[in-house]
Amino acid sequence: MKKMVLLAIALVMGMTAIAQDKIETTISADIVSQYIWRGQDLGSVSLQPTLGVGYKGLSLTAWGNVGLSDSDDAKEFDLTLGYTTGNLNIGITDYWVSKDGGDPEGRYFKYGAHKTNHVFEANIGYDFGFMNVQWFTDFAGNDYKANGKRAYSSYLEAIVPFKLITIDWAATAGVVPFESEAYHTSGFAVTNLTLRATKDIHVTKSFSIPIFGQITANPCAQKAYLVFGLTLRP
């Protein structure tokens, strides 16, 4: 009994210490006129909620997408485990898309080889201040070449933030280094050139709504998109 009491006290003290170190929570939702991801058109008007927790550089984030104007748009549910120390960040993401994979029924808890709608991706990045560089590579799940071999689809991205008058801007350049079914490339290709502007619209003294607009071009696919969105958060 004494040991159980001591254990309970230790647990309470541990939780109190964690609480004092401030667990960060993220709750938000984007509404976008078009779902554009790394230069690819993945859907029309969409709702994209985010729920995450972070503690001492470690974070777990859930992100989703559901179409609002087209019932045929695929649903998406992604989980990312990440760690940031200084300017370096690493992470693993589990992507799940209801209509994209080896399971036509879109079951979430289906992980068999060639029979899953999950894709697992690892990333590493570094923030140089004037530029943020990220490398992403699929290492498991539904990512195969036409011959059935694993593709290890990869994507390299550089983001340069800057401020012009009262608006925050970001210029992005993304490339796919080699053949990938996921990005519809046969070799090295520039798939994402984006210019994005963000500004907070103040509703009250304590509440504002960030709105953003972006122009995205995919030179490889010869496509271009103009997107508008807003973010809702407490």
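Atom OG1 in Thr198 sits 11.5 Å away from atom CG in Leu230 (nearest 0.5 Å).
The shortest side-chain heavy-atom distance between Arg233 and Pro210 falls under the 4.5 Å cut-off. Side-chain contact check for Asp78 versus Val97: every heavy-atom pair is 4.5 Å or farther apart.
With hydrogens and angles ignored, the 3.5 Å screen pairs no side-chain donor or acceptor of Asp30 with any backbone N or O of Gln48.
Not counting sequence neighbours, the partners of Phe162 by the side-chain contact (heavy atoms from CB on, under 4.5 Å) test are Trp169, Ala171, Leu195. The salt bridge (charged side-chain N to carboxylate O under 4.0 Å, His left out) test applied to Arg196 returns no partner, not counting sequence neighbours. Residues satisfying the side-chain contact (heavy atoms from CB on, under 4.5 Å) criterion with Lys115, sequence neighbours excluded, are Lys110. Residues passing the side-chain contact (heavy atoms from CB on, under 4.5 Å) test with Ala221 are Asn218, Lys223, sequence neighbours excluded. Shown here are the ring-ring contact (aromatic ring centres under 6.0 Å, His included) partners of Tyr225, two or more places apart in sequence or in another chain: there are none. For Tyr144, the ring-ring contact (aromatic ring centres under 6.0 Å, His included) partners are His114, not counting sequence neighbours. Scored by the salt bridge (charged side-chain N to carboxylate O under 4.0 Å, His left out) test, Lys149 finds no partners at all (sequence neighbours excluded). Asn117 is linked by a side-chain contact (heavy atoms from CB on, under 4.5 Å) to Trp96, Asp103, counting only residues two or more places apart in sequence or in another chain.
The closest side-chain donor-acceptor pair between Ser180 and Ser153 falls under 3.5 angstrom.
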Could you list the donor-acceptor pairs under 3.5 angstrom formed by side chains in residues 128-141, with sequence neighbours left out?
{"unit_1": "Asn132", "atom_1": "OD1", "unit_2": "Gln134", "atom_2": "NE2", "d": "2.8"}
{"unit_1": "Gln134", "atom_1": "OE1", "unit_2": "Asn89", "atom_2": "ND2", "d": "3.2"}
{"unit_1": "Gln134", "atom_1": "OE1", "unit_2": "Asn123", "atom_2": "ND2", "d": "3.4"}
{"unit_1": "Gln134", "atom_1": "NE2", "unit_2": "Asn89", "atom_2": "OD1", "d": "2.9"}
{"unit_1": "Trp135", "atom_1": "NE1", "unit_2": "Thr137", "atom_2": "OG1", "d": "2.7"}
{"unit_1": "Thr137", "atom_1": "OG1", "unit_2": "Ser154", "atom_2": "OG", "d": "2.8"}

Contacts under 3.5 angstrom, residues 36-45 side chains, donor-acceptor by atom type, not counting sequence neighbours:
{"unit_1": "Arg38", "atom_1": "NH1", "unit_2": "Glu121", "atom_2": "OE2", "d": "2.9"}
{"unit_1": "Arg38", "atom_1": "NH1", "unit_2": "Tyr183", "atom_2": "OH", "d": "2.7"}
{"unit_1": "Arg38", "atom_1": "NH2", "unit_2": "Tyr95", "atom_2": "OH", "d": "3.4"}
{"unit_1": "Arg38", "atom_1": "NH2", "unit_2": "Glu121", "atom_2": "OE1", "d": "3.3"}
{"unit_1": "Asp41", "atom_1": "OD1", "unit_2": "Gly43", "atom_2": "N", "d": "3.2"}
{"unit_1": "Asp41", "atom_1": "OD2", "unit_2": "Gln34", "atom_2": "NE2", "d": "3.3"}
{"unit_1": "Ser44", "atom_1": "OG", "unit_2": "Ser69", "atom_2": "OG", "d": "3.0"}
{"unit_1": "Ser44", "atom_1": "OG", "unit_2": "Asp73", "atom_2": "OD2", "d": "2.8"}

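Under the 4.5 angstrom side-chain criterion for Ile, Leu, Val, Met, Phe, Trp and Tyr, the cluster partners of Leu226 are Ile215. Other cluster members for Ile27: Leu51, joined by side-chain heavy-atom distances under 4.5 Å among Ile, Leu, Val, Met, Phe, Trp and Tyr.
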Q: Go through the steps to decide whether Thr61 and Thr26 satisfy the test side-chain contact (heavy atoms from CB on, under 4.5 Å), and finish with yes or no.
A: CA-CA 8 Å; Thr61 305; Thr26 300; over 6 Å; no

